[in-house]
Amino acid sequence: MTGVTVRVRFSPAPTGYLHVGGARTALFNWLYARHVGGTFILRIEDTDPALSRDDLIDGIQRTMRWLGIDWDEGPIRQSRRSEEYRAAAEQLFRTGHAYFCDCTREDVQARTKGDAGYDGRCRERGLTAGALRFRSPDEGETVVHDLIRGDVTFEHTAIEDFVVLRTDGSAVFLLANAVDDMDMAVTHVIRGEDLLAATPKVLLLRDALGDTEMPVFAHLPLIVNEKRQKLSKRRDDVAVEEYRERGYLPEAMRNYLALLGWSPADDREILPIEDMVAEFEIDDVKASPAFFDLKKLDAINAEYIRALPVATFVRESLPWLETDPPWPPERFDLATFEAVAPLVQERARTLAEVPGMVDFLFLEQPVVDQVAWDRAITRNPTAPALLAGAIASYRDVHWDAAALHGVTTELAERHDLKLAKAQAPIRVAVTGRSVGPPLFESLHVLGRERTLERLRRAKDGLSFSS
RNA sequence: GCCGCGAUCGUCAAGUGGUCAUGACGCCGGGUUCUCAUCCCGGAAGCCGGGGUUCGACUCCCCGUCGCGGUACCA
């Protein structure tokens with residue numbers, strides 16, 4: 001840097017959740033600030049009274065913290081700065097850069113016949129009340145210097161006389177944005193590409209307000225859905241909180257988000273946050289939109305889960321095991337879970353999948369996958385013999401995984417079957433499913449009595465139905 | 001409509017004026033394995049189209065096409 005401290009900001013509207021696109025924007029601002037040793041400001045754009053609520057603002061902060069994104073200044077609330085905006089608006093009016101207008105939206109639309117934009121009708125009417133409009137230059141152009149896209153030029157003739165102060169005196173986003181970035185001495189504006197078209201208006205406002213230190217911009221590529229549209233609250237899963245609830249780890253979420261539009265110099269994809277900070281350069285960000293691929297998020301999350309120390313995995317899994325579990329809560333036993341945790345950890349893509357992998361341990365009777373049951377037991381001619389053999393062998397075998405493995409292998413050999421085939425009906429009878437953690441460890445943890453009981457039940461059920 | 005941005009496997013990324021165009025996810029096949037998962041090996045799959053510039057363009061320029069964003073007294 002050239003001696004000037006970099007100052008960036010993330011300025012979400014408190015809509016009640018943190019949008020994944022917003023989270024990515026926050027992350028890139030944060031990465032850039034940390035990389036250059038700059039300052040990261042959190043600013044809440046709550047000029048809409050309905051959104052100016054402490055709980056909504058707390059929610060955003062909580063989610064940012066969850067992702068590990070901290071800020072150096074703020075949160076600064078725009079709702080507390082209306083005086084500053086009003087002063088700026090008055091200055092614009094006084095210097096002839098803005099004028100009052102009393103046209104309704106319907107008036108304007110009727111006059112312009114569907115063409116976008118305001119026609120300047122009130123420019124010279126000398127009104128002293130109404131909405132305040134910025135007098136956009138009739139000629140010339142404004143160039144946005146963008147670190148990701150290069151210089152982007154906008155002709156002033158294409159910029160209408162936009163409103164800066166509503167009839168009720170409140171500031172619109174463009175004014176608040178210009179004033180705040182000036183007051184907070186923001187040097188780099190890093191935000192979504194959807195705001196690129198609004199940038200010349202902000203620049204025009206700052207210029208009219210006498211600003212000579214324009215920031216540099218970086219308009220990040222949009223994050224899109226499978227139809228390549230900007231992620232929207234209506235049709236897409238956009239709340240970061242929701243991913244948290246679905247069992248994604250913050251580190252995995254953050255890592256995946258970082259990969260949307262950026263990549264480190266080497267071909268690593270999974271990398272610690274320290275390395276991201278060290279390598280992140282804003283002008284390395286791609287300009288084209290990125291699809292939010294849940295499959296890839298799953299893969300990254302699974303990798304992060306597997307990398308956890310077992311104790312951490314257990315601790316992180318607890319909320320899913322204790323809150324609204326698929327078994328009677330009093331039947332849950334931590335020691336039992338800990339015994340199979342390493343086996344589950346290797347198989348879970350999300351923490352939300354954990355309960356389903358261990359439910360057979362805590363349920364009176366396992367949840368039965370009917371398809372698996374039919375295939376491995378009901379329609380399996382050797383199932384009765386295998387179940388009977390298992391019952392006989394397990395009755396007095398030394399109860400640990402190795403011994404169970406041994407006697408079951410012998411059982412398979414007696415039936416001239418591979419162990420894989422022979423264990424199928426046992427697994428389904430005991431766990432209800434055809435897939436799951438390794439069988440013999442599972443039986444060991446379940447215990448002899450409960451194992452035998454389930455095997456008998458399956459065998460008896462068979463004889464009744466046949 | 002107008003303004004703007006974008007374009008490398010299905011997806012996310014890398015890439016150079018001359019490369020067998022790289023990695024990852026996903027997919028397919030194989031190996032390891034008590035199922036599954038992990039792990040290992042292998043495979044299919046791409047430079048939007050047309051013009052230029054050049055000895056030579058995926059790469060640079062222009063046009064087109066397509067996609068997307070914006071076009072509010074929302075942010």
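The basis for the numbers below is simple: all heavy atoms, side chains too, and nothing from hydrogens, waters or symmetry mates. A, B, ... follow the sequence lines: proteins, then strands. Residue 1 opens every chain.
- The side-chain contact (heavy atoms from CB on, under 4.5 Å) with A:Leu220 is formed by just one residue from the set A:Ile190, A:Leu260, A:Leu196, A:Asp194; it is A:Ile190.
- Distances were taken from every side-chain heavy atom of A:Phe291 (C-beta onward) to each of B:U8, B:A72, B:U11; the shortest belongs to B:U11.
- Geometrically, A:Arg191 does not engage A:Phe217 in a cation-pi contact, judged by NZ or CZ lying under 6.0 Å from the ring centre and within 45° of the ring axis.
- Each of B:C5, B:A75, B:C73 was ranked by its minimum atom distance to the side chain of A:Ala131; first place goes to B:C73.
- Residues A:Leu31 and A:Ile273 are in side-chain contact: their nearest non-hydrogen atoms beyond the backbone lie under 4.5 Å apart.
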Query - Check against side-chain contact (heavy atoms from CB on, under 4.5 Å), A:Val172 and A:Phe162 - result: CA-CA 10 Å; A:Val172 302; A:Phe162 54 92; 5.8 Å; no
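- Applying the side-chain contact (heavy atoms from CB on, under 4.5 Å) test between A:Pro14 and each of A:Asp54, A:Asp58, A:Ile57 identifies A:Ile57 as the sole match.
- Under the 3.5 Å distance criterion, with hydrogens and angles disregarded, no donor-acceptor pair is assigned to the side chains of A:Ser434 and A:Arg427.
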>> Please evaluate residues A:Leu209 and A:Val179 with respect to the criterion side-chain contact (heavy atoms from CB on, under 4.5 Å), reporting the C-alpha separation (whole Å), side-chain torsions for both, the decisive distance (0.1 Å), and the verdict.
In response: CA-CA 9 Å; A:Leu209 288 168; A:Val179 171; 4.3 Å; yes
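- Stem list for RNA chain B (at least 3 consecutive Watson-Crick or G-U pairs, distances under 3.5 Å): B:1-7 with B:65-71, B:10-13 with B:22-25, B:27-31 with B:39-43, B:48-52 with B:60-64.
- Among the heavy atoms of the strands, none lies under 4.0 Å from A:Thr15.
- To the nearest whole angstrom, the two C1' atoms, one in B:C58 and one in B:U16, are 9 Å apart.
- Only the P atoms considered, B:C25 is 14 Å distant from B:G42, to the nearest whole Å.
- Residue A:Leu260 is classed as a sugar-phosphate contact, given heavy-atom separations below 4.0 Å to backbone atoms only.
- The side chain of A:Glu193 lies closest to B:C5 when the candidates are B:G70, B:A14, B:C5.
- Atom P of nucleotide B:A13 and atom CD1 of A:Ile270 are separated by 15 Å, given to the nearest angstrom.
- As judged by a 4.0 angstrom heavy-atom cut-off over every strand, A:Arg349 is placed among residues making no nucleic acid contact.
- Evaluation of the side-chain hydrogen bond (donor to acceptor under 3.5 Å, both in side chains) rule for A:Asn255 yields A:Tyr304 as partners, not counting sequence neighbours.
- Separating the P atom of B:C47 from that of B:G4 is a span of 30 Å, rounded to the nearest Å.
- Per the geometry, CG belonging to A:Asp46 stands 14 Å off C1' belonging to B:C74, to the nearest Å.
- A:Lys201 has no side-chain polar atom (N or O) that falls below the 4.0 Å cut-off from OP1 or OP2 of B:G70.
- Counting only heavy atoms from C-beta on, A:Ala290 has its side chain closest to B:A13 among B:A75, B:A13, B:C5.
- For the pair A:Glu45 and A:Gln78, the tightest heavy-atom approach, listed with the atom from each and the gap, is OE2-NE2, 3.2 Å.
- When heavy atoms are screened at a 4.0 angstrom cut-off, A:Gly261 is found touching the sugar-phosphate backbone but no base atom.
- Comparing atom distances between the A:Ser263 side chain and each of B:C5, B:G70, B:A14 picks out B:A14 as nearest.
- At the heavy-atom level, A:Thr104 lies nowhere under 4.0 Å from the strands shown.
- Counting only N and O atoms by type, the side chains of A:Ser79 and A:Asp46 include a donor and acceptor under 3.5 Å apart.
- With B:G6, B:C5, B:C68 as the candidates, the nucleotide lying closest to the side chain of A:Ala287 is B:G6.
- Of all nucleotides listed (B:A72, B:C74, B:G4), B:G4 comes nearest to the side chain of A:Phe154.
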5' to 3', nucleotides 25-41 of chain B under a 4.0 Å protein heavy-atom cut-off (B base, S sugar-phosphate only, - none) gives S--------BBBBSS--
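- Out of B:C68, B:A75, B:A72, the shortest distance to the side chain of A:Arg105 is found at B:A72.
- Here A:Thr47 reaches the OP1 or OP2 of B:A75: one of its side-chain N or O atoms lies under 4.0 Å away.
- Distances shorter than 4.0 Å separate none of the side-chain N or O atoms of A:Thr167 from OP1 or OP2 on B:C73.
- Spacing between atom CD of A:Glu281 and atom P of B:A14 amounts to 14 Å, rounded to whole angstrom units.
- Across the C1' atoms, B:C34 and B:U38 are found 15 Å apart, a figure rounded to whole Å.
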